Colleague: 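Structure incoming, see below.
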Amino acid sequence: MPKAAILTALEQPLEIHDVDLDKPHAGEVKVRMGASGVCHSDLSVQNGTLMGVAPIVLGHEGAGVVEEVGEGVTSVKPGDHVVISWVPQCGECYFCQRGQGELCKAADASLASGGLLDGTPRFSWNGAPLSQMAASGTFSEVSVIPESGAVKIPDDVDMKVAALIGCGVLTGVGAALNTADIKKGDTVAVVGCGGVGLNVIQGARIAGAGEIIAIDMNETKLQMAKEFGATATINASQGDPVSQVMGMTEERGADVAFEVIGLGPTIDQTITMTRRGGQAILVGVPRMDVMVNIPAFFGIVLQEKTIKGCWYGSSNVQQDVPKLIDLYKKGELKLDELISREISLDQVNEAFDAMKTGEVARSVIVYPS
Ligand SMILES: [Zn+2]
Ligand SMILES: [Zn+2]
C-alpha cells in the first residue's frame, strides 16, 4: 500500500493516507517514485484555478523507476529510470502526427477525467476510485501511468533533477526553444520569475538572446533570474514595467516577451511590451474567467504582433527530455540550482505554503529508496 498525499476537497490541506493501487493494465506501467517537484499547478488544483476531480492524488512533476509493466508495453521495462510526462503523447492522433504531441487528443481526456487514458484511475481509497492528477499522481510512493507518459532516461541522472524536467523545465525551456522563435541577439522580456520563469530565462540564453529582461515584484526572484541568465531586471512593484522595457529598447519593445504568471493585467502588459512584429508568448495558466484586453487594431493588427499560447513548452517529450539532460550534463542548463528545498511527502503542505508566499523556486519531495 503506497502512501499518497490526497486533496479531499477544494482549498483543503493535503492528507497523507495509505491508498490502494491496481496493477498496470495493458499499455500502462507502475513506477516507484524517486522524487516529485511541487509545482504551481498542484496549488492551482487545490485552489480551483485548474480542474481536478476530488478526492485526487496531486503531483505531476516526477521521476522514478519502473517496477512492473502491463501487457504490450515495449518502450520501458522493470528497472528503467523514467521521467513522467503529464501529457502522455500517443504518437498516433492528428496532433501527434503533426509534431504537436503537447496537444495530444488522448492526453486531453485524462486531464479532464482524473484517470488514465481510459478515463479510470488506478488508485482507490476506502473502496472508492481516487483520481490521479494529469495521468500522473506523483505525490504517491508508487503510481501507475500510461506507457506513453514514461520517458526513459539514463540511470545516472539524479531523481530530483529528473523530476523537475517533467514539468517546469520542459515547459519553461520549451517555451523559449520550441514555442517561440528567438533569433540570435534578440531582446527577450520574461514577466514572472518563479520556477518556470527561470527556465524560460535559461532557455532564452541557450537560444542566443542578446538581452534578457527579467520582471518580477520579488527581489529574491530577480536575483535568481540574474544567475539563470537575465541581463537586466525590473522590479514591477516600483513603477510601470511596460514603460521601463520601452526605455531599454529605444521605445520599440521586446522582440519576444513571455508571460509566466497567468494574470490578466500581466498578460496585457506582456503583449503591450512586445515590439511591432514581435512575439508575445503566454505560458502562465490563468483562471478560466481571465480575458485578454488588447485593442484589436492598434494593439495587434497594425502592430503585426504574434500572440501565442504555450502548452507544456510545445514539447515532444521523447526528443526533448534527452536533449535537456544533455544540456544539463554539459553545464548549460542549471537544474540543481532550481531546488530550494528537499522535503519528505508528509511535508507537502509546507511546500504549498512556501509557494503561496512566493519565496521558493522549487520544493522537491524525495522518496525513500
Ligand atoms: Zn507543473
Ligand atoms: Zn496523440
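Throughout, residue positions are numbered sequentially from 1 according to the sequence presented. Only a predicted model underlies this, so the values are computations on that prediction, with no experimental measurement involved. Every number for a ligand or one of its atoms is a count from 1 in the order of the listing.
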Colleague: Side-chain contact, heavy-atom cut-off 4.5 Å: Thr233 with Cys193?
Modeller: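 A side-chain contact under 4.5 Å is absent here.
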Colleague: Anything under 30° is parallel, anything over 60° is perpendicular, the rest tilted; go ahead and classify His17 against Trp125.
Modeller: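 Judged by the thresholds at 30° and 60°, the geometry between His17 and Trp125 is tilted.
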Colleague: Quick one: the SG of Cys96, the Zn ion (ligand 2), SG of Cys93 angle, rounded to 10°, please.
Modeller: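 About 110° at the Zn ion (ligand 2).
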Colleague: Please state the angle at the Zn ion (ligand 2) spanned by SG of Cys90 and SG of Cys104: what is it, rounded to 10 degrees?
Modeller: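 About 100° at the Zn ion (ligand 2).
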Colleague: I need the NE2(His60)-the Zn ion (ligand 1)-SG(Cys167) angle, rounded to 10 degrees.
Modeller: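 Computed angle, vertex at the Zn ion (ligand 1), rounded to 10 degrees: 120°.
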Colleague: Nearest 0.5 Å, please: how far is CG in Asp22 from CD in Glu28?
Modeller: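 So the CD of Glu28 and the CG of Asp22 are separated by 8.5 Å.
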Colleague: Go through Ser315 and Glu102 one step at a time and tell me if the side-chain hydrogen bond (donor to acceptor under 3.5 Å, both in side chains) criterion holds.
Modeller: CA-CA 6 Å; Ser315 298; Glu102 75 279 7; over 6 Å; no
Colleague: Quick check on the Zn ion (ligand 1): does Cys39 put an N/O/S atom closer than 2.8 Å to it?
Modeller: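 Yes.
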